[in-house]
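Keep in mind it's a predicted model, so treat the numbers as computed, not measured.
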Amino acid sequence: MYYPVNFNLIYILLEIITAFIFGGLLLGLHRKVMARIQGRPGPPIVQHLLHTFKFYIKELSIPNTSSMPLYVAIVLAMDAVWILALIVGPILGGSFLIIIMCYAVHKVAEHGIGLASGSPYTKLGSTRAVLSATAEMPLIAVPALVFFKTDTLLLDGIINYQIVNGSLFTQLPLVALAMFVLVLSKTPYSPFGIVWGKDIVSGYKTEHFGVIRGVMMMGEILAFFALLWCFITIFFGGIITAPLAYMVAMTGITVILAFICALTPMVAPYHAVMIQWIFAILAVVNVLLI
Amino acid sequence: MEERNLTIDLDLFDNIYRNLSVIWCIKMNDIVDINGLIIGHFPFVDIVPYITPFSLALVATIVTFTVFLAISNPEYRSITRFKEDVVRKETVEKKEARFRRFMTILCGVALIGVVTTGDIFNFALFVSLTGISNIGIFAGIKDTHVLDAAFQYGLVLMICSLPLFGGVALILANTGTLSLGVLGNLPSNQIINVGRTLLLIGAVGEGALAPFFATKVEMIRAKGAPFINMMHLSSLMVFTRIIELLLILG
């Protein structure tokens, strides 16, 4: 249940540092697996973390066309929402709707980061961020359908339901698939990653360098960790409870994501929209069938 | 002339107030199951704005974004033309920026109303206000493509206000209340389900969510990053709140 007395600042800090390091290693593993599938040796697994730290000691340069202080503040907002998600989810076992809100604000942040620099490439990235907001459909479908099944959206309540009634993954497999698509869309090199496509240089990230880029990468690592944690908790909450089991499950899902990212080309923006709608409709069909 | 005694029985009012508060608190189970513990509520008879961790997170996000967007300067755009060896920088004119900044703040205030209200009619009103302020953000732009898209969005806004308020009216006619605290504990029926569907269609149209998002994508071609970002924020905040609302009504 959701009580402010659960706040323990040291514990929260440790949780965030753990999420950052383990999330960074997972993204490193993701790159390594992708490289091996494509017949390349690939970077070491710690490379993503080193890459993030590297930006913290690089010179910060802000384009003179940028919108200040939005250019800086919006990147910090991206980190802040995922720190909130980590506090609400793993620490407090609070409402799943707050995690959904964090996902939505992440999309607003992507849009703002792209707009704030004044560059046409980042602008294209931000336009695609608005277009990709059609992932709204699985976002509506997943919490609604989970609520219809469990009568609660509190993460602790969902775990308790699964301890009594078995894993939600076996009861709502297509809803799990819709949530998996949401996680996939936030994975680097994803087929739905149209916002940072290399056809538009690096999309919304193109004009962010130095410390700001490091902070942005930290936000992405926390987002990846939080979404994986959420996916495992909501659909395997009754089976996976120990921290070690969570780490093994997260590693397994990362490997599956890496296979999908390595073997699937980036889809066109309108196809990304269409595919995500199909998964949301499949989730609704799943609930109607049961 | 006969003197009238106009003293008010304060005890009676106090009793009614307390009873309504108690009834409302007992009936908040659905909201607690969705949002978490209720931190506070303001019992204005049956219209009860409430604060939960979810609404608190939404309000904190909206206030932070509104403040930063309101104090940010618009970005510059580098423009180059064929046969000109010059790079020009363009930005939003001061007069236009002032009006659009005002609309951005108005949109932020309306959003706070959207996420805190405990009454579905107020919800519909605030959602309409976010739609109107969004149109205001784009109305002053001197770009044909953007104005065309804003016109299309305006049409969607007007059309979707019918299902939005129609859904509210249907729910009121069927249940006799607009309070989410009471509605959350009433058994659902087909009329409420139709009302919910209409409410969803209305909110989706007013917030320019999928499948009405095409005009929004066209509109954000405009200059003025801080103002445009507010439109996307308002869409996604309305979307987040409507999920909660539909689940409570269920």
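Atom CZ of B/Phe227 is separated from atom OG of A/Ser67 by 8.0 Å, given to the nearest 0.5 angstrom. Between A/Phe147 atom CZ and B/Leu246 atom CG the span is 11.5 Å, to the nearest 0.5 Å. Remark: B/Leu58 CG to A/Leu97 CG distance equals 8.5 Å, nearest 0.5 Å. In this structure, CG in B/Leu236 is found 10.5 Å from OH in A/Tyr103, a value given to the nearest 0.5 Å.
Proximity to chain A (any heavy atom under 4.5 Å) is shown, for B/Ala70, by neither the backbone nor the side chain. Looking at A/Met101, both its backbone and its side chain come within 4.5 Å of chain B, counting heavy atoms on both sides. Of the atoms belonging to A/Ala144, heavy atoms from both backbone and side chain fall under 4.5 Å from chain B. Both the backbone and the side chain of B/Ile228 have a heavy atom closer than 4.5 Å to some heavy atom of chain A. Heavy atoms of A/Asn64 lying under 4.5 Å from chain B belong to its backbone as well as its side chain. Interface remark: B/Ile242 contributes no atoms to any contact with chain A (heavy atom separation under 4.5 Å). With a 4.5 Å cut-off on non-hydrogen atoms, A/Leu84 touches chain B through its side chain but not through its backbone.
Top candidate by heavy-atom pairs under 4.5 Å with chain A, chosen from B/Ala225, B/Ala60, B/Pro226, B/Pro74, is B/Ala225.
B/Phe68 CZ: 12 or fewer foreign heavy atoms inside a 6.0 Å radius. Residue A/Phe209 qualifies as enclosed at atom CZ: its count of foreign heavy atoms under 6.0 Å is above 12. No more than 12 heavy atoms of other residues, nucleotides or ligands sit less than 6.0 Å from atom OH of B/Tyr76.
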Query - B/Glu75/A/Thr65 under side chain to side chain contact (heavy atoms under 4.5 Å, CB included): CA gap, chis, key distance, verdict - result: CA-CA 6 Å; B/Glu75 83 285 15; A/Thr65 55; 5.8 Å; no

Query - Trace of the side chain to side chain contact (heavy atoms under 4.5 Å, CB included) decision for B/Phe54 with A/Leu153 - result: CA-CA 11 Å; B/Phe54 174 62; A/Leu153 274 182; over 6 Å; no

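With A/Leu70 as reference, B/Leu69 is the one residue of B/Leu69, B/Ile71, B/Asn73 to meet the side chain to side chain contact (heavy atoms under 4.5 Å, CB included) rule.
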Determine all donor-acceptor pairs shorter than 3.5 Å in which one atom belongs to a side chain in residues 141-150 of chain B; sequence neighbours excluded.
| residue | atom | partner | partner atom | Å |
| --- | --- | --- | --- | --- |
| B/Asp143 | OD1 | B/His145 | N | 2.9 |

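In this structure, B/Ala57 and A/Ile98 approach most closely via the heavy-atom pair CB-CG2, 4.3 Å. When all heavy atoms of B/Ile243 and A/Pro143 are compared, the closest pair comes out as CG2-CG, 4.2 Å.
The contact list for residues 108-118 of chain A toward chain B, using heavy atoms and a distance under 4.5 Å, reads A/Val108, A/His111, A/Gly112, A/Leu115, A/Ala116, A/Gly118 by residue number.
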